[in-house]
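First up is the structure itself, then whatever we jot down about it.
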Protein chains: 2
Amino acid sequence: MRRDVFQAIADPTRRAIIMLLAVGALTPNAIANHFDSSRQAVSKHLRVLTECEILRQEQQGREIHYHLNADKMKDLEKWLEQFKQLMAKRFEQLDTVLEQLKSKGK
Amino acid sequence: MRRDVFQAIADPTRRAIIMLLAVGALTPNAIANHFDSSRQAVSKHLRVLTECEILRQEQQGREIHYHLNADKMKDLEKWLEQFKQLMAKRFEQLDTVLEQLKSKGK
DNA sequence: TAATTACGAAACCAATCGGTTGCAAATGTA
DNA sequence: TACATTTGCAACCGATTGGTTTCGTAATTA
């Protein structure tokens, strides 16, 4: 089973959960209260997020607090950065071409 | 059918296609040559990417050149930025708490 | 004109997804 | 001890996914 940040954030509910836990740790019930879906449905999302290490569980009595592991989001950040660098390089090359055309026109 | 950047980049092949086209426009065949999957499989990915406006088609004779619409990637960038801001705010609050603890200790 | 090439579209398939219901286990409370 | 609460897990379901094979069509080339 593929389990990475990219697949994790593909679902809108999971994105919302990430945002929620960015503010602070919560229990499954508390999280589920923020959504229309059932506790079990949310629990499944929590499992996916935990499996790809975006979330971390912390047992406290019978409650489980889900914490965000912000570091994992860097995978996404890295990819986006790589993409932006490629684009920048392309524009650089385009600039060179335009520069050459300009000097030819002289 | 949900069709957004998040769902688009969930697939590794599609991420690779985006990177490829960040360098320059290509035809479906040219793109497919970079992968193990068949031309038709790649074509399906191109359709998904086109439907969420990450790609733009440009007919040239019997060839179709797929161009990247880098702007669409900003949806992703925006979400990530929003997330990072939430995290920053959290650490800010944490800092305040630590500050208070420190002055109490005096 | 006939053959080839480039491509999208449709039909099909197994696997996965996101949801549900029902249950079991562990912890807390009366 | 009996009961309630919190939670994970398994079984099931319809929809979607990513892939394949096959076909049709339009543009090029011989």
Side-chain angles (χ1 to χ4, degrees), chain A residues 1-21 24-69 72 76 79, chain B residues 1-21 24-69 72 76 79:
Chain A
M1 220 173 297
R2 199 175 4 110
R3 209 108 280 190
D4 55 43
V5 190
F6 301 98
Q7 189 248 347
I9 65 163
D11 182 84
T13 304
R14 282 199 290 266
R15 284 201 299 280
I17 291 176
I18 290 175
M19 287 305 198
L20 251 181
L21 298 185
L26 286 174
T27 64
N29 267 326
I31 298 168
N33 284 338
H34 284 81
F35 300 97
D36 290 332
S37 16
S38 70
R39 179 191 63 82
Q40 282 91 341
V42 169
S43 209
K44 268 196 169 187
H45 286 305
L46 292 175
R47 198 154 89 95
V48 172
L49 289 167
T50 307
E51 274 172 4
C52 59
E53 295 179 290
I54 292 180
L55 299 188
R56 181 172 46 82
Q57 299 178 321
E58 206 168 275
Q59 191 99 27
Q60 256 169 58
R62 71 181 157 189
E63 291 184 344
I64 296 180
H65 291 256
Y66 280 87
H67 292 258
L68 196 76
N69 174 22
K72 260 292 159 183
L76 178 62
W79 183 80
Chain B
M1 222 172 294
R2 196 171 12 106
R3 211 97 292 184
D4 54 42
V5 190
F6 301 98
Q7 189 247 347
I9 65 162
D11 184 85
T13 305
R14 283 200 290 268
R15 283 201 299 280
I17 291 176
I18 289 175
M19 286 306 197
L20 252 180
L21 297 185
L26 287 173
T27 64
N29 267 323
I31 297 168
N33 284 338
H34 284 82
F35 301 96
D36 291 331
S37 17
S38 70
R39 178 189 64 82
Q40 282 89 341
V42 169
S43 210
K44 271 197 167 187
H45 286 305
L46 292 175
R47 197 153 90 94
V48 171
L49 289 167
T50 308
E51 274 173 5
C52 58
E53 294 179 293
I54 292 179
L55 300 188
R56 180 173 45 84
Q57 299 177 322
E58 207 168 272
Q59 191 101 26
Q60 256 170 58
R62 72 180 157 188
E63 291 182 345
I64 296 180
H65 290 257
Y66 281 87
H67 293 258
L68 196 77
N69 174 22
K72 260 293 159 180
L76 178 62
W79 183 80

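Chain identifiers are assigned alphabetically (A, B, ...) following the order of the sequence lines, protein sequences preceding nucleic acid strands; residue numbering begins at 1 within each chain.
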Would you say the side-chain atoms of [X] pair up with the backbone N or O of [Y], donor to acceptor, closer than 3.5 Å?
{"X": "R39(B)", "Y": "A32(B)", "value": "no"}
{"X": "Q59(B)", "Y": "G61(B)", "value": "yes"}
{"X": "R15(A)", "Y": "I9(A)", "value": "yes"}

How many angstroms lie between atom [atom1] of [X] and atom [atom2] of [Y], to the nearest 0.5 angstrom?
{"X": "D36(B)", "Y": "T13(B)", "atom1": "CG", "atom2": "OG1", "result": "9.0 Å"}
{"X": "Y66(A)", "Y": "R56(A)", "atom1": "OH", "atom2": "CZ", "result": "12.0 Å"}
{"X": "T27(B)", "Y": "I64(B)", "atom1": "OG1", "atom2": "CD1", "result": "9.5 Å"}

Could you work out how much the helix from dT1(C)-dA30(D) to dA30(C)-dT1(D) bends, comparing the axis of its first five pairs with that of its last five, to 10°?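 For the helix from dT1(C)-dA30(D) to dA30(C)-dT1(D), the axes at either end differ by 10°.
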
Let me know the distance between [atom1] of [X] and [atom2] of [N], rounded to the nearest Å.
{"X": "K44(B)", "N": "dT22(D)", "atom1": "NZ", "atom2": "P", "answer": "16 Å"}
{"X": "L46(A)", "N": "dT7(D)", "atom1": "CG", "atom2": "P", "answer": "10 Å"}
{"X": "D4(B)", "N": "dT17(D)", "atom1": "CG", "atom2": "P", "answer": "11 Å"}

Under 4.0 Å from OP1 or OP2 of [N]: is there any side-chain N or O of [X] that close?
{"X": "H45(A)", "N": "dG19(C)", "answer": "yes"}
{"X": "N29(A)", "N": "dT7(D)", "answer": "yes"}
{"X": "R47(B)", "N": "dA10(C)", "answer": "no"}

What's the verdict on side chain to side chain contact (heavy atoms under 4.5 Å, CB included) for I54(A) and L21(A), showing C-alpha distance, side-chain angles and the deciding distance? CA-CA 10 Å; I54(A) 292 180; L21(A) 298 185; over 6 Å; no

Heavy-atom distance under 4.5 Å between the side chains of [X] and [Y], does that happen here?
{"X": "L76(B)", "Y": "L76(A)", "value": "yes"}
{"X": "V5(A)", "Y": "W79(A)", "value": "no"}
{"X": "Q40(A)", "Y": "K44(A)", "value": "no"}

As a quick check of understanding, evaluate side chain to side chain contact (heavy atoms under 4.5 Å, CB included) for D4(B) and Q7(B), giving each step before the final call. CA-CA 6 Å; D4(B) 54 42; Q7(B) 189 247 347; 3.5 Å; yes

Which of residues 51-69 of chain B sit near DNA chain C, with a heavy atom under 4.0 Å from it?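 Nucleic-acid contacts, sorted: Q57(B), R62(B), E63(B), I64(B), Y66(B).
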
Can you list, in residue-number order, the parts of residues 30-43 of chain B that come under 4.0 Å of DNA chain D, counting heavy atoms only?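 Hits under 4.0 Å, by residue number: S38(B), Q40(B), A41(B).
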
